Each structure stands twice: as C-alpha cells, then as structure tokens.
Amino acid sequence: MKIVWFSYNFISMITQTTKIAHSKKDIAVGFFASIYGVILLFIMINGVVSSIHDKGLIGFNFFYAFTNETNLFCGIWMIFLCVVCLCPKLTKLDRFIRNKVVMTSLCLYITMTFFIVALWLSPIWKGQWISNGIFGGGEVLFTHLLTPIVMWVIYFLVLGTGKINRVRLLYTLVYPILYVIMGLIVGYLTDKFPYDFINPNFYGGHTIGPIVFPLVILVLASIFYGVAWLLYKLKNFIDIKYHNKT
C-alpha cells in the first residue's frame, strides 16, 4: 500500500492539468537530446559491465570518476528533456528539467570535465589531448568531447525556467564539493583517490599538502564559479534576445 501511495503522490507531483506548449524547435531539440542521451547511457552501461568483467564487483568504481558521473547525469537529463517536450502536462517536471540552476549546473560539470582533461590530465601543450585524450578510445571520445559539445548546444537552445543570480549560482558548486569530500573519505580509507589533485599529499607530502590543498580547492571553486557565471550570463542574453524571455 505504501508503494501505491508513494507512486500516486509522485505522479501527482509531476503531472498538472495546465499544459506547457513546446515549439517544434523544442521538440526537435528534445528528440535529438534523447537520441544522444540513450547512446550515452549505453556507453555508460557498456563501460561499467566491461569494468566489472575485468575487475569483478570492484568494477563498479567505474562511477568513481567525475567524468563518468557527470556524463551519466547529462544522459539522464537529456532523456527527460525529450519526455517533458512530448508530454506537455508534466509542468512541474518540465520546470525542474529546464530550471536555469539545474541546466547551468550540468553544463558547468561537463565543462569542468572537458577542460580538466584538456588542460590537466591529457594536456594540450604536451600533445596528449588527441592521442591519450579524446581519441584514446570510443568511450573517451564521447565522454570527454562529444558530450560537452552536445550539452553546450542544448544548454543555449533550450529556454530556461526560474530565476538565477549570483547567490543561486553557488548551488552549482554543491555537487563538485561533495565529490571532493567523498574522494577524500574514500581515498584515505582505501588509499585510492579518484584523481591525484584530490589527494592532499600530491601537493608536497604529508607536511605541506594539507595546507596547500584547501587553497587549491578554493582557487578551483572560484574559477568554476566564474565559469558558471559566464555560462549563465551568455544563456540569459540568448534567452532574452532569441527567446524573448527574461
């Protein structure tokens, strides 16, 4: 009975009698997004299955990587974007999927993935971005290059809902901060950090590292907040100029 009650309330929450009319362009963008989203989810499933096949149950650490997590989020979001475009009665779900904070957050996360790989993990100036980076394998090509590009295009084409300001932009940093905290906890417990730059000892050993690490995180958080602000300002300009909305 509790399951039935929960299902009823969940459906009631996302279903409204008032319809949101979507243009043909919105439906086309949503349809394209769902196609890419499904392909991306298949790639994620293939990745985790392959990882489990090679490593056993420990293969689930496939989702330990920020890149894989953000691609999973984007893939799911793209599919739901198509759903709300095709089902105009899902007004509350529609407003959540197209919420400016939600969209800017996802766009920021996948942008972080793109630039961290291009500038740090497989840096361009070392000639590694092509060989070891985006063309290091089919999965890497999608998760490190194609998903960011697709997400940027959809982010600017889809009209956002809700309000966003400099204070609300701070919400975009919640997930990355939680990811760093999780990485620290798991790293200290297992001695396996998701990335070297999340390991405080990476910045000068046990003595200097714990002092430098918070400063590095603060600088990175400031940079990514600035990126989120630039994304928001550009989107707001496009929404006003081309969608005639504020």
Side-chain angles (χ1 to χ4, degrees), residues 33 35-55 57-81 102-155 172-187 190 192-199 202 213 216-217 219-221 223-228 231:
I35 293 175
Y36 185 84
V38 170
I39 294 174
L40 190 59
L41 289 184
F42 280 3
I43 291 173
M44 294 291 99
I45 294 172
N46 180 80
V48 71
V49 170
S50 176
S51 184
I52 292 174
H53 178 75
D54 294 336
K55 305 175 183 178
L57 291 178
I58 198 174
F60 277 107
N61 66 3
F62 174 84
F63 290 112
Y64 192 28
F66 185 84
T67 297
N68 295 333
E69 291 184 7
T70 53
N71 272 268
L72 179 65
F73 296 156
C74 288
I76 294 173
W77 180 84
M78 290 176 189
I79 293 174
F80 273 104
L81 176 64
V102 173
M103 293 176 62
T104 303
S105 296
L106 291 174
C107 195
L108 172 64
Y109 304 155
I110 206 65
T111 300
M112 291 167 63
T113 294
F114 178 85
F115 283 106
I116 287 176
V117 171
L119 302 179
W120 194 323
L121 300 181
S122 298
I124 295 174
W125 57 82
K126 289 185 178 180
Q128 298 177 355
W129 189 57
I130 296 295
S131 59
N132 299 336
I134 58 173
F135 293 126
E139 177 186 304
V140 176
L141 175 63
F142 274 86
T143 57
H144 290 170
L145 178 66
L146 296 183
T147 300
I149 293 175
V150 170
M151 193 65 199
W152 292 332
V153 172
I154 295 174
Y155 176 72
T172 62
L173 300 178
V174 171
Y175 165 66
I177 291 174
L178 290 177
Y179 181 85
V180 170
I181 294 174
M182 178 205 71
L184 288 172
I185 294 174
V186 176
T190 65
K192 293 182 179 179
F193 292 86
Y195 301 100
D196 288 338
F197 58 83
I198 293 182
N199 183 356
F202 176 74
F213 178 71
V216 172
I217 296 300
V219 170
L220 289 177
I223 292 173
F224 291 131
Y225 177 84
V227 173
L231 287 171

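Note that this is a predicted model, so its numbers are computed, not measured.
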task: Can you sort out the partners of Ser105 under side-chain contact (heavy atoms from CB on, under 4.5 Å), two or more places apart, ordered by chain and number?
output: Val101, Tyr109, Thr172
message: Under the rule for side-chain contact (heavy atoms from CB on, under 4.5 Å), what residues qualify as partners of Tyr225, not counting sequence neighbours?
response: Arg166, Leu169, Leu170, Leu173
Residue pair Trp152 / Thr111: nearest heavy atoms and the distance that separates them: NE1-OG1, 2.8 Å
field: Reported CZ-to-CD1 distance for the pair Phe197 and Ile116, which is rounded to 0.5 angstrom
entry: 4.5 Å
task: List the atom of Thr113, the atom of His144, and the distance in Å for their closest heavy-atom pair.
output: CG2-CD2, 4.1 Å
Check: Ile223 and Val219 side chains under 4.5 Å, non-hydrogen atoms: yes
task: Report the distance from atom CD1 of Ile35 to atom CD1 of Ile39, rounding to the nearest 0.5 Å.
output: 7.0 Å
- prompt: If you round to the nearest 0.5 Å, how far is CG of Leu72 from CH2 of Trp77?
  reply: 14.5 Å
message: Checking Val216 against Leu220 for the side chain to side chain contact (heavy atoms under 4.5 Å, CB included) test, could you report, in this order, the C-alpha distance in whole Å, the side-chain angles of both residues, the deciding distance, and whether it holds?
response: CA-CA 6 Å; Val216 172; Leu220 289 177; 4.0 Å; yes
message: Between Tyr175 and Phe73, is there a side-chain heavy-atom distance shorter than 4.5 Å?
response: yes
task: Kindly give the heavy-atom pair with the smallest separation between Thr70 and Thr67, and that separation in Å.
output: OG1-O, 2.9 Å
Only pairs under 3.5 Å count here: list side-chain donor-acceptor contacts from residues 177-184, not counting sequence neighbours, and write none if there are none.
from   : atom 1 : to    : atom 2 : distance (Å)
Tyr179 : OH     : Tyr64 : O      : 2.5
Tyr179 : OH     : Phe66 : N      : 3.0

- prompt: Going from CG on Leu141 to CG on Leu146, what distance comes out if it is rounded to the nearest 0.5 angstrom?
  reply: 4.5 Å
- prompt: Shortest non-hydrogen contact from Ala33 to Met78?
  reply: O-CB, 3.2 Å
Gap separating the CE atom of Met103 from the CD1 atom of Ile154, nearest 0.5 angstrom: 8.5 Å
statement: CD1 of Ile110 to CD1 of Ile149, rounded to nearest 0.5 Å, is 11.0 Å
- request: Check the pair Leu40 / Val150 against side chain to side chain contact (heavy atoms under 4.5 Å, CB included), numbers first and verdict last.
  value: CA-CA 11 Å; Leu40 190 59; Val150 170; over 6 Å; no
- request: Can you see which heavy atom on Leu106 is nearest to which on Cys74, and at what distance?
  value: O-SG, 4.1 Å
task: Kindly give the heavy-atom pair with the smallest separation between Leu231 and Tyr155, and that separation in Å.
output: O-OH, 3.4 Å
- prompt: Do Asn71 and Thr147 have side-chain atoms, one donor and one acceptor, less than 3.5 Å apart?
  reply: yes
query: Any chance CZ of Phe80 has more than 12 other-residue heavy atoms, nucleotides or ligands included, within less than 6.0 Å?
result: no
